[in-house]
Amino acid sequence: MTKKIFKALCLVAFTVFLASVVLIMAVLYGYFSRVQQTQLRMQTQLAAQGVELGGMAYFDGMDVRDYRITWIDRDGSVLYDSDADSDAMANHLEREEVQKALANGFGESHRYSSTLMARFLYTAQRLSDGTVLRLAIAQNTVLTMLLGVGQGFAAVIVLALILSVLLARRLSRRIVQPLNEVDLDRPLANEGYEEIAPLLYRLDNQQRQLRAQAEQLELDMAEKAEAERMRREFTANVSHELKTPLQTISGYAELIENGVAKPEDVRPFAGKICAESQRMIQLVSDVISLSHLDEGMGDMRFEDTDLYGVAGAVVRDLQAKADKAGVTLALTGGPAPMSAIPQLAHSIVFNLCDNAIKYNREGGHMTVDAHREGTDAVLTVTDDGIGIPAEQQERIFERFYRVDKSRSKAIGGTGLGLSIVKHAALVLGANIRLQSEVGKGTAVTVRFPPRNDD
Ligand code: ADP
């Protein structure tokens with residue numbers, strides 16, 4: 001680019017220079033020609049006066065270098081000529097300037113002389129005796145003028161050329177420099193040509209988009225890696241959780257099979273096998289629920305659901321279990337219509353109520369309340385059971401996290417109930433609030449705001 005600009009600048013400089021030279025020459029040529037002509041006129045007048053006074057004697061010893069003086073008689077014969085032998089010369093009467101001088105007293109003309117290969121200016125004046133005095137001078141040609149100013153002019157030309165090349169080089173570098181110095185990493189920080197501002201804006205925009213995309217990609221990859229890690233951890237946990245009951249079952253079954261178990265032991269052993277199997281069934285069913293949730297619930301649709309109705313059904317289902325645990329159940333509130341996936345709403349209510357019974361004490365209470373609050377449907381499950389230590393209240397929603405592992409296992413817990421609640425709430429757009437105090441009890445509130453597309 002620098003080269004291109006340099007060439008263009010040189011071309012412009014040369015052209016302008018050449019044009020100026022030609023123009024100046026033309027003006028000078030015109031000017032010098034006029035000067036020459038005026039001088040010739042004056043010389044003619046002076047010579048005419050000289051001849052008028054001295055006659056032929058005027059020409060004695062005359063030394064004219066550039067001029068040619070001719071004295072022409074009335075009949076056209078040449079009386080005197082400074083250049084050639086006057087007798088040998090042709091009759092000069094027809095010459096234009098002579099004709100004019102004879103007619104008007106003064107005449108001028110110019111002609112090209114092929115013998116001398118030059119243009120001549122002629123000035124003729126009629127003397128008082130009727131003869132004509134004529135002066136001629138070879139007119140300056142452009143070439144002679146150039147030769148005259150030759151050396152000086154050549155020096156100026158060379159100087160001008162060198163100067164224009166130097167200036168062109170400097171200028172082209174100066175023009176290109178801001179472009180070379182553009183900081184492409186920070187396009188908007190550049191102060192250069194406003195002509196390239198749109199380009200820089202575009203560059204900046206694209207860079208920002210690229211950065212955002214890169215960040216998003218990084219985020220996505222981190223998310224993916226985390227999901228992958230959690231999945232592996234979950235699989236390991238599930239396998240571990242399944243292994244323990246299977247070992248127990250297989251142990252008792254072996255005792256019965258080998259006949260080691262006494263006949264009266266068979267029933268309690270079978271009971272243990274049954275309980276462990278139940279736990280496994282519960283675990284597998286929880287895992288299936290979670291994987292359904294992970295997959296986004298497939299084809300399950302949102303339907304008009306009454307939260308109070310769901311709560312009533314759950315209370316009925318859990319009544320027997322509560323009786324067995326010595327926990328009193330109560331249902332309060334009223335109609336709480338909302339849009340939800342019924343299975344998920346049931347899952348939430350069931351798991352919360354199940355926990356309120358499991359982590360309670362003999363003679364304890366559980367209250368389920370469902371009601372409408374403004375546009376929201378609100379569920380609250382309260383118990384006066386064992387409570388949850390403050391520092392673990394966050395963690396109990398994690399998969400397989402239990403405050404007291406042995407108690408949870410003893411009462412058939414899987415450690416997945418609350419993670420199902422959390423995930424289902426996420427799908428339904430509900431939020432969960434937990435309040436709990438060790439020894440006093442727990443209250444879990446789930447608020448279902450209306451869905452956006454309702
Ligand atoms: P689990 O199958 O063990 O009940 P959850 O995910 O339902 O698994 O609960 C996780 C842990 O949170 C439970 O093991 C228990 O320690 C604690 N927890 C849950 N609900 C209550 C509650 N209402 N009162 C006291 N502790 C609770």
Side-chain angles (χ1 to χ4, degrees), residues 230 233-234 237-245 275-294 311 314-315 317-318 321-322 324-331 344-370 379-427 430-446:
M230 275 172 70
E233 201 179 289
F234 183 62
N237 275 329
V238 170
S239 316
H240 179 79
E241 294 285 333
L242 283 173
K243 201 170 160 194
T244 324
E276 289 300 317
S277 308
Q278 285 303 324
R279 226 159 72 77
M280 279 170 60
I281 290 167
Q282 183 59 48
L283 180 68
V284 170
S285 123
D286 280 359
V287 168
I288 289 170
S289 296
L290 267 176
S291 73
H292 271 317
L293 281 165
D294 280 343
V314 170
V315 167
D317 288 348
L318 285 174
K321 189 171 183 173
K324 218 165 139 191
V327 176
T328 314
L329 301 189
L331 172 68
L344 295 192
H346 181 270
S347 242
I348 292 174
V349 182
F350 185 90
N351 278 300
L352 289 179
C353 291
D354 190 41
N355 281 350
I357 296 167
K358 283 194 297 186
Y359 304 104
N360 216 313
R361 55 192 165 79
E362 183 85 44
H365 302 81
M366 180 204 78
T367 309
V368 195
D369 179 86
L379 170 87
T380 310
V381 180
T382 318
D383 67 64
D384 50 3
I386 60 171
I388 305 156
E391 67 278 7
Q392 292 182 53
Q393 288 176 9
E394 277 276 309
R395 300 207 61 192
I396 53 169
F397 290 94
E398 290 172 18
R399 294 176 182 190
F400 294 115
Y401 190 86
R402 298 148 166 133
V403 175
D404 180 348
K405 203 157 188 161
S406 52
R407 179 178 174 135
S408 162
K409 282 196 170 165
I411 50 183
T414 60
L416 292 176
L418 284 183
S419 48
I420 291 174
V421 170
K422 182 181 159 189
H423 211 135
L426 196 76
V427 173
N431 53 63
I432 304 171
R433 200 161 61 97
L434 179 114
Q435 285 170 293
S436 186
E437 206 176 313
V438 175
K440 287 210 168 148
T442 304
V444 184
T445 306
V446 187

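As the structure is a computational prediction, the values presented were derived from the model and not from experiment. FYI, the numbering just counts along the sequence from 1. As the structure lists them, so they are numbered: ligands from 1, and atoms in each ligand from 1.
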Point to revise | Distance-only polar pair, side chains of Gln282 and Asp286, donor-acceptor under 3.5 Å | key: yes
Study note, to complete from the structure: Residues at least two apart in sequence or cross-chain that pass side-chain contact (heavy atoms from CB on, under 4.5 Å) with Val438, listed by chain then number, are Pro389
Pairs under 3.5 Å, N/O atoms on ligand 1 and on the protein: can you put them in a table with the distances?
from: ligand 1; atom 1: 2 (O); to: Thr414; atom 2: N; distance (Å): 2.7
from: ligand 1; atom 1: 2 (O); to: Gly415; atom 2: N; distance (Å): 2.7
from: ligand 1; atom 1: 3 (O); to: Tyr359; atom 2: OH; distance (Å): 3.0
from: ligand 1; atom 1: 3 (O); to: Ser408; atom 2: OG; distance (Å): 2.7
from: ligand 1; atom 1: 3 (O); to: Gly415; atom 2: N; distance (Å): 3.4
from: ligand 1; atom 1: 4 (O); to: Asn355; atom 2: OD1; distance (Å): 3.2
from: ligand 1; atom 1: 4 (O); to: Lys358; atom 2: NZ; distance (Å): 3.1
from: ligand 1; atom 1: 4 (O); to: Tyr359; atom 2: OH; distance (Å): 2.7
from: ligand 1; atom 1: 6 (O); to: Gly417; atom 2: N; distance (Å): 3.4
from: ligand 1; atom 1: 6 (O); to: Leu418; atom 2: N; distance (Å): 2.8
from: ligand 1; atom 1: 7 (O); to: Asn355; atom 2: OD1; distance (Å): 3.2
from: ligand 1; atom 1: 7 (O); to: Asn355; atom 2: ND2; distance (Å): 2.9
from: ligand 1; atom 1: 7 (O); to: Leu418; atom 2: N; distance (Å): 3.2
from: ligand 1; atom 1: 8 (O); to: Gly415; atom 2: N; distance (Å): 3.3
from: ligand 1; atom 1: 14 (O); to: Tyr359; atom 2: OH; distance (Å): 3.2
from: ligand 1; atom 1: 16 (O); to: Val403; atom 2: N; distance (Å): 3.0
from: ligand 1; atom 1: 20 (N); to: Asn355; atom 2: ND2; distance (Å): 3.3
from: ligand 1; atom 1: 23 (N); to: Asp383; atom 2: OD2; distance (Å): 3.0
from: ligand 1; atom 1: 24 (N); to: Thr442; atom 2: OG1; distance (Å): 3.4

Review point. Taking C-beta and beyond as the side chain, do Tyr401 and Gln392 meet within less than 4.5 Å on heavy atoms?
Key: yes
Review point. With sequence neighbours excluded, what pairs up with Asp404 under the salt bridge (charged side-chain N to carboxylate O under 4.0 Å, His left out) test?
Key: none
Result block: side-chain N/O donor-acceptor pairs under 3.5 angstrom for residues 345-355, not counting sequence neighbours:
from: Asn351; atom 1: ND2; to: Ser347; atom 2: O; distance (Å): 3.0
from: Asp354; atom 1: OD1; to: Lys321; atom 2: NZ; distance (Å): 2.7

Practice item. Might you work through the side chain to side chain contact (heavy atoms under 4.5 Å, CB included) test for Ile357 and Asp383, ending with a clear yes or no? Key: CA-CA 8 Å; Ile357 296 167; Asp383 67 64; over 6 Å; no
